[in-house]
Amino acid sequence: MSLEVRGLSHRYGSVVALQDVSLRIEDGEILAVLGPSGSGKTTMLEILAGLLVPSAGEVVLDGQVISRPGWALPPERRNIGFVFQDFALWPHMTVAETVAFPLAMRHASVREQQARVGQILDLVQLGGYGQRYPHELSGGQRQRVAIARALAPHPGMVLLDEPMSNLDARLREHMRVQIAQALRHERVTAVYVTHDRTEALAVADRIAILNVGCLEQAGSPEELYRRPGSEFAARFLGPAALVPAQVLRRTGGDRVDIETGSGVRAAAAAPGTCPVGQTGRWLLRPEHLRIAGEDGLRQGEVPLQAVVSSATYLGSHWQIELQIAGQPDLGLVCHHQERVAAGQEVQLSIDPERTWFMP
């Protein structure tokens, strides 16, 4: 099942929640809609589900318009499953009864219900839990019941609204793998709303970033992380320093030579349309940087002087926060295996092959 939103907008009185959003979701694709609170994620999801009627634009499901201003196809006629943020399990129903409910509503036979419930509970690793009630389950188990209920009637699409926000960090890491596996096993198209960039990067085939109701950028996780199209997208997807720079020359393909405001020269990747003289930002992420030791710079690396602001121990590494020398308003983060004292001057080495110039 494919879905397309065309010029989708929605207002709550004078407040614009969505503004001219256009997207296409391919059959079997998992799209993560990522953004901070108030970016319009839930509004978009409720329009896709048929719970809200858009103020402008339309939603097209497999070539059929299902939402437009003034009208929306009812949710029960959309063949779409929904996983709620709070799971929304019925306390008086067992796990098996909960998962069977949408099948019963579609008039499946008892035999068909039993077969599908057994199949889907095995898929989410809850075989043998069918006679338990929600209060007898852990948070992760309740979440898997909610996913099983959404998948049980073979929907064409599943919408997931912050499905792991009520789970602790360790459980979220485990559950995001299980969710992705279940969705791909069922070959179902999915829209996964989250504010957590790690979830989006781990689960999705593509990510759509929303910011104050507008679509900031859409693309594969790797594309958005390595080559963001805006400062908001760059910072929202992970630690990022955006150094003012200018293109000196194009060197072929997507490569350019740049110079920063402090005179540092380096090579970087850049959009193919980026002309000589273009100003912009040089994107530096922690994995692009290292503190040069006694061996100094390696071949091809670019030096950058910095001052250590702080060092935080994270188990596998120290997270070092730095300020670029002479530019106190521009901070960097890098990972290092040893502690470095605050106030210490260090030489950073940058691998320019992995960096990105953003006009």
Atom CD of Glu173: over 12 foreign heavy atoms under 6.0 Å: no
Residues, nucleotides or ligands: over 12 heavy atoms within 6.0 Å of Arg235 CZ: yes
Smallest separation among heavy atoms of Gln19 and Cys214, with atom names: CB-SG, 3.8 Å
Leu289 vs Leu332 side-chain heavy atoms within contact, under 4.5 Å: yes
Pairwise distance CG(Leu322) to CG(Leu330) - rounded to 0.5 angstrom: 11.0 Å
Heavy-atom neighbours of His185 NE2 exceed 12 at 6.0 Å: no
pair Thr189-Leu3: side-chain heavy atoms closer than 4.5 Å: no
Closest contact, heavy atoms only, Ile30 versus Ala180: CD1-O, 4.4 Å
Phe232 versus Pro36, closest heavy-atom pair with distance: CZ-CD, 3.7 Å
Residue Arg265 excluded, over 12 heavy atoms near CZ under 6.0 Å: no
Under 4.5 Å side-chain linkage, directly or through intermediates, the cluster mates of Leu283: Leu242, Trp356, Met358
Min side-chain heavy-atom separation Leu18-Leu210 under 4.5 Å: yes
Val256 to Arg250 - nearest heavy-atom pair and separation: CG1-NH1, 3.6 Å
Ring centre gap for Tyr313 and Trp318 strictly below 6.0 Å: yes
Pair Thr355, Trp282: side-chain N/O donor-acceptor within cut-off below 3.5 Å: yes
CA sep, side-chain torsions, deciding dist, call: Ser349, Arg290, side chain to side chain donor-acceptor pair (under 3.5 Å): CA-CA 5 Å; Ser349 55; Arg290 70 180 184 90; 3.1 Å; yes
Heavy-atom pair with the smallest gap, counting every atom of Ile209 and Ala233: CD1-CB, 3.8 Å
Geometric class of the His10/Tyr12 ring pair [parallel <30°, tilted 30-60°, perpendicular >60°]: perpendicular
Donor-acceptor list for residues 117-129 side chains, cut-off 3.5 Å, not counting sequence neighbours:
residue, atom, partner, partner atom, Å
Gln119, OE1, Arg116, NH1, 2.5
Gln125, OE1, Gln178, NE2, 2.9
Tyr129, OH, Gln141, NE2, 3.4

Stacked cation flag Arg144 on Phe87, 6.0 angstrom / 45 deg: no
Donor on one side chain, acceptor on other, Gln246 and Thr279, under 3.5 Å: no
Exercise: do Glu287 and His335 side chains pair donor with acceptor under 3.5 Å: no
Side-chain hydrophobic cluster, 4.5 Å single linkage: members besides Val333: none
Within 6.0 angstrom of Arg255 CZ, more than 12 heavy atoms from elsewhere: yes
Evaluation steps, side chain to side chain donor-acceptor pair (under 3.5 Å), between Ser230 and Arg281: CA-CA 10 Å; Ser230 69; Arg281 297 288 186 271; over 6 Å; no
Check against side chain to side chain donor-acceptor pair (under 3.5 Å), Thr312 and Gln319: CA-CA 5 Å; Thr312 304; Gln319 180 171 289; 5.4 Å; no
